[in-house]
Amino acid sequence: MSLIKRSVSLEGHATSVALEAEFWAALDGHARQRRLSLAGLIGEIDSQRGDRPLASALRVWALLHQVLPEG
C-alpha cells in the first residue's frame, strides 16, 4: 500500500501527514459527519495524542471510531 501525504495547518503551523488511502477516507467521512473540516478533526485528535506520533494517532483514532457493519 502506498501512502498519501497531505498538508494541514495545526495551531497555525503547517505539517504533513502520510497515511494510507483507507485511513484518509475514514477521517474524511468522520469529519463530514461531524460537519468539521478535516483539519479541524485532525486538530482535535492532535490535541489528545500525547507523545504518540501524529500519523499513528490518526490511524488509531480511525480504527477506534470505525463504523462496523451490523450483522
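Predicted model only: the values in this text are computed from it and were never measured. Every heavy atom of this structure was used, including side-chain atoms; hydrogens, water molecules and symmetry mates were not.
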Less than 4.5 Å apart, any side-chain heavy atom of L3 and any of W24?
no
Do L58 and V60 belong together in a cluster built from hydrophobic side chains that touch within less than 4.5 Å? no
The reported gap from CD in Q33 to CG in L41 (rounded to nearest 0.5 angstrom) is 10.5 Å
Rounding to 0.5 Å, atoms CD1 (I42) and CZ (R6) come to a distance of 7.5 Å
Listed pairs under 3.5 Å, donor-acceptor, residues 48-56 side chains, sequence neighbours left out:
| residue | atom | partner | partner atom | Å |
| --- | --- | --- | --- | --- |
| R49 | NE | D46 | OD1 | 2.5 |
| R49 | NH1 | R52 | O | 2.6 |
| R49 | NH2 | D46 | OD1 | 3.2 |

Kindly work out whether a path of hydrophobic side-chain contacts (I/L/V/M/F/W/Y, heavy atoms less than 4.5 Å apart) joins L64 to L38. no
Nearest heavy-atom contact between S9 and A39 is O-CB, 4.4 Å
What one should report as the nearest heavy-atom pair of I4 and A21 is CD1-CB, 3.6 Å
Scanning both residues in full, the closest heavy-atom pair of W61 with L27 reads CE3-CD2, 3.8 Å
Heavy-atom nearest pair, E44 first then R34, reads OE1-NH2, 2.8 Å
Practice item. Keeping the roles fixed (side chain from H65, backbone from H30), state whether a donor-acceptor pair exists under 3.5 Å. Key: no
